[in-house]
**Student:** 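Sending over a structure as structure tokens; questions will come in a sec.
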Amino acid sequence: MSIRARKLMYDPTEELPDNLLLALFNIYKIYHSKKIEHVALRGVSLSIHSEEMISCVGPSGSGKTTLLRILAGLIPPTAGTVYWKKLGADLSLFTVSQLASVRNRFLGYISQQPFLLSQFSVLKNVMFPGMINDRLSSRELKYRALDLLGRVGLLDRVDSSPNKLSSGEVQRVSLASSLINQPDVVFADEPTGNLDFDTGEQFLDLMKEINENLGTAFFIVTHSPQVAKRTDRVMELSDGMLIGHHTVANLAALHHTRTLVPDAQNRIYLPEELMESLDFPWGFSVDIAEKKLVLNPIAIEDIDPEEILEKELPCQLCGTSNSYKNRFCDHCGSLLSQFKFFKEN
Ligand SMILES: Nc1ncnc2c1ncn2[C@@H]1O[C@H](COP(=O)(O)OP(=O)(O)O)[C@@H](O)[C@H]1O
Ligand SMILES: [Mg+2]
């Protein structure tokens, strides 16, 4: 089946790096439930290049799995673009069956709880994603699957049932299976989460070997310093935002290695621990001095309550001008951000 989007989102002459595989532009994801809407991603932009090994870290609930599932075309973003350079198009332009075909051909996915088909042997499980697309004969597929099972050290388990495998072996079969269609990139969600340290280490060695020998890019979501240490770069998510990059990450003290990244609107997220250590209860002003950004705390004595009372304050939500005396917007009722000034004045 051919894969063609209904129209191109981007001008194909636009200059993009040669080795770009895919890029996210300003992705938002809102989960809708009956009672409340939950914003899981807020304006995430990132790119993945061929042959890269990237990890993505962040506290539980920060949006890592959501990001991975959007990257892999498993769920659509609420807003923003998932651009695959090879297809010259945004994934949102594909129909459901075209998307399934894109996923099958160009990417591998290892989920948090890998799932093997128990009625099939290990060999058939590895061949399975290749059987769906009919591009290779079963002889060629078998040859490829045996090569991959050799690479992950499971040639002696070819005929076994998946039920007889240890969790480390199941993980290795899922890796082999994710590679059967020779994807450009494999997405893995906490792939060592259920493995002990040594088994996890062996699995990482395997991913590294595959990356070096087959040139497959990896995007790995993880909690584990063990994984983050082994990747070329680390992206840090916090509260649905991509707040920083690390080349070598120390997960116990991310602030030591973090490079803050502005988002598409030039917003920089100042991490909680930074704000706590700065302790600017009255806010701060920003200057540039010798090409450095300087944050100056506002001292309470700098604030003249009489002067403030005469000012107007636009509501951040609806833009209505309010008196500084107001805590809530006259028009929409949102909390106005200056209320701190009046707490103690
Ligand atoms: N299907 C869903 N419906 C509603 N909320 C969800 C759904 N999946 C995830 N969330 C919420 O979105 C946020 C991010 O979740 P997730 O991407 O799983 O984060 P992580 O993988 O970093 O733990 C969490 O607050 C989670 O509760
Ligand atoms: Mg998760």
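These numbers come from a predicted model, not from an experiment. Counting convention: from 1, in listed order, for ligands and their atoms alike. When reading the values below, keep in mind they use all heavy atoms of this one structure, side chains included, and skip hydrogens, waters and symmetry mates.
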**Student:** Please tell me if the side chains of Tyr109 and Leu68 come closer than 4.5 Å, counting only heavy atoms from C-beta onward.
**Tutor:** yes
**Student:** Can you find a non-hydrogen atom of Ser33 under 4.0 Å from ligand 1?
**Tutor:**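 No.
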**Student:** Got a protein heavy atom sitting under 4.0 Å from atom 27 (O) of ligand 1?
**Tutor:** no
**Student:** Closer than 4.0 angstrom: is that true for some heavy atom of Gly58 and an atom of ligand 1?
**Tutor:**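 Contact absent.
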**Student:** Take a 6.0 Å sphere around CD1 of Ile288 and say whether it holds more than 12 heavy atoms from other residues, nucleotides or ligands.
**Tutor:** no
**Student:** What I want to find out is whether Glu201 reaches Arg230 closely enough, with some N-O distance under 4.0 Å, to be called a salt bridge.
**Tutor:** yes
**Student:** Among all the protein's non-hydrogen atoms, which is closest to atom 14 (C) of ligand 1, and how far away is it?
**Tutor:**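 For this ligand atom, the closest protein heavy atom is Gly61 O, 3.5 Å.
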**Student:** Taking only heavy atoms of Ser60 into account, list the atoms of ligand 1 that are under 4.0 Å away from them.
**Tutor:** 23 (O)
**Student:** Tell me, which protein residue and heavy-atom name are nearest atom 16 (P) of ligand 1, and how many Å apart are they?
**Tutor:** Thr66 OG1, 3.7 Å
**Student:** Does CD in Gln112 sit with more than 12 non-hydrogen atoms of other residues, nucleotides or ligands closer than 6.0 Å?
**Tutor:**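 Counting other residues, nucleotides and ligands, CD of Gln112 exceeds 12 neighbours.
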**Student:** How far is atom 9 (C) of ligand 1 from the closest protein heavy atom, and which atom is that?
**Tutor:**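 Of the protein heavy atoms, Tyr31 CE1, 3.4 Å lies nearest.
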**Student:** Do side-chain atoms of Gln171 reach the backbone of Pro191 as a donor and acceptor pair under 3.5 angstrom?
**Tutor:**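 Side chain of Gln171 to backbone of Pro191, a donor-acceptor pair under 3.5 Å: yes, one is there.
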**Student:** Using a strict threshold of under 4.0 Å (side-chain N to carboxylate O), is an ion pair present between Arg151 and Glu209?
**Tutor:**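 Looking at Glu209 and Arg151, the cut-off is not met.
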**Student:** Tell me yes or no: between the side chains of Gln182 and Arg144, is some donor less than 3.5 Å from an acceptor?
**Tutor:**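 Looking only at side-chain atoms, Arg144 and Gln182 do form a donor-acceptor pair, the distance falling under 3.5 Å.
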**Student:** Among all the protein's non-hydrogen atoms, which is closest to atom 18 (O) of ligand 1, and how far away is it?
**Tutor:** Thr65 CB, 3.7 Å
**Student:** Among all protein heavy atoms, pick the one closest to atom 19 (O) of ligand 1 and tell me residue, atom and distance.
**Tutor:**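 For this ligand atom, the closest protein heavy atom is Gly63 N, 3.2 Å.
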**Student:** Could you tell me, atom by atom, which parts of ligand 1 come under 4.0 Å of a heavy atom of Pro59?
**Tutor:**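 Those of ligand 1 that fall under 4.0 Å from Pro59 are 22 (O).
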**Student:** Below 4.0 Å from any atom of ligand 1, is there a heavy atom belonging to Gly240?
**Tutor:**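 False for this residue.
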**Student:** What protein heavy atom sits nearest atom 25 (O) of ligand 1, and how far away is it?
**Tutor:**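 Heavy-atom neighbour on the protein nearest atom 25 (O) of ligand 1: His38 NE2, 3.0 Å.
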**Student:** Give a yes-or-no answer on whether the side chains of Asn125 and Ser177 include a donor-acceptor pair shorter than 3.5 Å.
**Tutor:** no
**Student:** Quick check on Lys124: does its NZ atom have over 12 non-hydrogen neighbours (other residues, nucleotides or ligands) under 6.0 Å away?
**Tutor:**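 Check fails, neighbour count at 12 or below.
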**Student:** Backbone or side chain, does Ser60 get an N/O/S atom under 2.8 Å to the Mg ion (ligand 2)?
**Tutor:** no
